[in-house]
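Reminder, nothing fancy here: chain letters follow the sequence lines and each chain counts from 1.
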Amino acid sequence: MTADAPRICCLDLDTFFVSVERLLDPSLEGKPVIVGGVPGQRGVVTACSYEVRALGVRSGMSLTEAVKLAPDAIYLPGRDREYGRYSARVVAIAHTFSPLVRTASIDELFMDFRGCERLYHRAGDAHADATIERVVRELTAGIAAEVGLPASAGIATSKPMAKVACGLAKPRGVLLVAAGCEASTLAPLPVRKLPGIGPVAERRLSELGIMTLGQLAATPVRTLEPIFGAYAKALRERARGLGDWDMGRDRPAFREHDPDGEVLGSISNERTFMADVRDAPKIEGILCSLCERVCWRARRRGVKARTLTLKLRYADFETLTRSRTFAPSASERDVLPVLKALYREARQRKRAIRLLGVALSNLVLDEQLELFPADRELRASVDSLRERFGFDAVRLGSSLK
DNA sequence: TCTGGGGTCCTAGGACCC
DNA sequence: TCTGGGGTCCTAGGACCC
């Protein structure tokens, strides 16, 4: 099912992290910039400027590979707090244009302009589609003028189609796909361009000789079912531009609680070590610090967790998870013993560890604080310091190396 | 020194209850 | 003694997104 006219807008900030770094340091303008880490670190490219894309660098690429292609680029570690601040300013501007805004990620949001045509209509507009396109251009211009960030937008009858259109519009462009033109717009594109088709699906489709979305749209559902199961029909509809227009939910950081007190989403932190680790006390310390971090984030969100998951990646990249469910808590006092028990059960001595991660899920609204009073007082002051200065401003003794 | 870190969603099997 | 379902919760893993 789709909206009957192109009124769903996908807005995406171009090379977002790089653009923010350039606002904070204008001398980076026009230079090759890579955000994600500095050479020698373990990491991947999270964002890169068009100057290094010309050299073949892509986001998601390992830092070592990027260094080979662009040894002279400027490498930056990234600073999430700043990115979050700029993102929030863009979201605020979007809200002044449409009552229905959904954040999809830190640099991408969807807007629904259905019912807004008359509100925005001007004498010069040829038709309602032209009105919406003009308004979206005003939106991207407003973001450029007020925040200084370049943005692109796609407008279509469904979310997936709007997202693809946004990709086609980059950089700094706006593209409206008129109702009825979806299939022909998608047909020549490689299957990988469709949201929901990743590297695995791309490979399996290519084994069937299906390379383009036009070919996918013409493939019988029967043929696709072995690969995609129950998802096959919806995926083929999507390839025809008929995807869902349901606006869905905000990402967790912006999301309100459900009325029944249940909270969706999860809170996780993980860390890959500069060098693989065997040292037991060091591992204990890291687990402790990860535990503190997720518990602190849960308290800040006003939730408790019922499920804890430990993630463990060995040096050979083999990855496993172990989880346990318990009475709702956001206190290290409860969570840390569970985490340590999971680790004791999961670890294989002698194998070096590359990554440790901790996730809280099965979240519920924290209605009453039921902590030991002394504990609560200490933690309240720790949390308030962190509110002002960031998580690392205060560390508990147990997580210090 | 190939392969980060934050997420969402889906599947599938087993336990357990009625 | 043999052999049912349906429903829900828990756990593990994997694809995908930015």
Side-chain angles (χ1 to χ4, degrees), chain A residues 10 12-18 34-48 58-69 77-78 80 83-84 87 102-110 159-160 163-164 166-167 191-204 227-232 234-235 238 244 248-255 264-276 290 293-294 297 306-326 342 345-346 352 354-363:
Chain A
C10 174
D12 190 300
L13 299 165
D14 300 335
T15 64
F16 176 52
F17 296 170
V18 172
I34 291 175
V35 178
V38 297
Q41 278 182 342
R42 280 177 161 170
V44 300
V45 175
T46 50
C48 57
R58 294 288 177 272
S59 59
M61 185 178 270
S62 77
L63 234 37
T64 26
E65 207 175 339
V67 171
K68 281 182 206 154
L69 293 167
D80 294 343
Y83 305 151
S87 176
R102 291 281 183 264
T103 54
S105 73
I106 195 162
D107 66 351
E108 183 183 79
L109 57 82
F110 288 90
K159 277 175 75 176
K163 185 167 166 53
V164 173
C166 182
V191 291
R192 189 69 169 79
K193 294 285 181 190
L194 195 69
I197 295 186
V200 175
E202 180 188 34
R203 179 173 46 77
R204 299 191 65 180
I227 301 180
F228 298 104
Y231 185 47
L235 189 77
R238 217 180 240 215
D244 205 349
R249 291 191 303 264
D250 271 327
R251 70 194 169 96
F254 289 82
R255 192 186 294 159
L264 295 156
S266 61
I267 298 170
S268 68
N269 279 99
E270 59 185 58
R271 195 174 138 193
T272 296
F273 307 119
M274 288 284 283
D276 301 331
L290 289 168
R293 197 175 285 255
V294 291
R297 290 176 58 200
R306 294 192 51 238
T307 302
L308 171 73
T309 302
L310 164 74
K311 179 169 166 184
L312 211 162
R313 173 127 73 208
Y314 291 109
D316 63 3
F317 225 72
E318 190 198 332
T319 307
L320 55 86
T321 61
R322 292 292 176 268
S323 54
R324 191 144 300 163
T325 299
F326 43 81
L342 284 174
E345 291 163 26
R354 178 190 177 89
L355 168 149
L356 285 172
V358 176
L360 298 177
S361 59
N362 238 323
L363 305 177

Atom-pair distance (NZ on A:K159; C1' on C:dC18), nearest Å: 14 Å
Between A:T307 and A:N362 (side chain of the first, backbone of the second, donor and acceptor by atom type, cut-off under 3.5 Å), is there such a pair? no
With distance as the sole test, does A:E108 use its side chain to make a donor-acceptor pair with the main-chain N or O of A:S105 at under 3.5 Å? no
For A:R203, which contact category applies under a 4.0 Å heavy-atom criterion: base, sugar-phosphate, or nothing? nothing
If you check every side-chain atom of A:D107, which of C:dC18, B:dG4, B:dT1 has the closest atom? C:dC18
Could you tell me the separation between the CZ atom of A:F16 and the C1' atom of C:dC18, rounded to a whole number of Å? 11 Å
Would you mind classifying the nucleic acid contact of A:T46 as base, sugar-phosphate or nothing, using non-hydrogen atoms under 4.0 angstrom? base
Select one nucleotide: of C:dC10, B:dG4, C:dC18, the one nearest the side-chain heavy atoms of A:E108. C:dC18
Given a 3.5 Å cut-off on both pairing distances, which stems involving DNA chain B, each at least three consecutive Watson-Crick or G-U pairs, are present, if any? B:5-18 with C:5-18
Taking only side-chain nitrogens and oxygens of A:N269, does any of them come within less than 4.0 Å of OP1 or OP2 of B:dG6? yes
Taking the basic N atoms (NZ, or NE/NH1/NH2) and the acidic carboxylate oxygens, is any pair closer than 4.0 Å for A:R322 and A:E345? no
Any donor-acceptor pair under 3.5 Å from A:R238 side chain to A:P195 backbone: yes
Taking 4.0 Å as the cut-off, does a side-chain nitrogen or oxygen of A:R354 come that near to OP1 or OP2 on B:dT3? yes
In whole angstrom, give the distance that lies between atom CG of A:D276 and atom P of B:dG4. 11 Å
Over all strands shown, is A:A201 touching base, sugar-phosphate only, or nothing at heavy-atom distances under 4.0 angstrom? sugar-phosphate
Counting only side-chain heavy atoms from C-beta out, which of B:dG6, B:dG4, B:dT1 sits nearest to A:A275? B:dT1
With a 4.0 Å cutoff (strictly under), does any side-chain N or O of A:R306 reach OP1 or OP2 of C:dC10? yes
Would you say A:T325 reaches C:dT11's phosphate, i.e. side-chain N/O to OP1/OP2 under 4.0 Å? yes
Does the structure place the NZ or CZ of A:R271 under 6.0 Å from the centre of the six-membered ring of A:F273, at an angle of no more than 45° from the ring's axis? no
State, to 0.1 Å, how close A:L356 and A:L310 come at their nearest heavy-atom pair, and which atoms those are. CD2-CD1, 4.5 Å
Length of the OH-P vector between A:Y231 and B:dC9, whole Å: 12 Å
What pair of heavy atoms forms the shortest contact from A:S323 to A:T309, and how long is it? CB-OG1, 3.2 Å
How close or far is atom C1' of B:dG5 from atom OH of A:Y83, stated in whole angstroms? 13 Å
Closest non-hydrogen atoms of A:V164 and A:K193, given as atom of the first, atom of the second and distance, are CG2-O, 3.7 Å
Which whole number of Å gives the distance between the C1' atom of C:dC17 and that of B:dG4? 14 Å
What nucleic acid atoms does A:D80 come within less than 4.0 Å of, heavy atoms only: base, sugar-phosphate, or nothing? nothing
Contact class for A:R313 (heavy atom, under 4.0 Å): base, sugar-phosphate, or nothing? sugar-phosphate
How many whole angstroms separate atom CG of A:L355 from atom C1' of B:dC2? 16 Å
Out of C:dA12, C:dC18, B:dT1, whichever nucleotide has its closest atom nearest the side chain of A:S323: C:dA12
Syn or anti conformation of B:dT1, syn meaning chi within 90° of 0: syn
If you define the side chain from C-beta out and look only at heavy atoms, does anything of A:F17 sit under 4.5 Å from A:I106? yes
Ignoring hydrogens and angles, tell me if any N or O in the side chain of A:T46 forms a donor-acceptor pair with the backbone of A:V35 under 3.5 Å. yes
A:E270 has a side chain; which of C:dC17, C:dA12, B:dG6 sits nearest to it? B:dG6
Checking B:dG6, C:dG13, B:dT1 against the side chain of A:T64 (C-beta onward), the nearest is B:dT1
Scan residues 193-200 of chain A against DNA chain B and write down, sorted by residue number, each residue with any heavy atom closer than 4.0 Å; if none is found, say none. none
Side-chain contact test, heavy atoms from C-beta onward, threshold under 4.5 Å: evaluate it for A:Y314 versus A:L320 and give yes or no. yes
Mind calculating the distance between CG (A:L235) and P (B:dC9) to the nearest angstrom? 17 Å
Is it true that a side-chain atom of A:R354 and a backbone atom of A:D316 form a donor plus acceptor pair closer than 3.5 Å? no
A:S266 side chain, from C-beta outward: closest of C:dG13, B:dT1, B:dT8: B:dT8
Using the rule for Phe, Tyr, His and the six-membered ring of Trp, do A:F317 and B:dT3 stack at under 5.5 Å and under 30°? yes
Tell me: CD1 of A:I227 to P of C:dG14, nearest whole Å? 19 Å
Please compare A:R271 and A:M274 by the position of their nearest nucleotide in DNA chain B and report the one closer to 5'. A:M274
B:dG5, OP1 or OP2 - any side-chain N/O from A:S268 closer than 4.0 Å? no
Using a cut-off of 4.0 Å on non-hydrogen atoms, how would the nucleic acid contact of A:L63 be classed: base, sugar-phosphate, or nothing? nothing
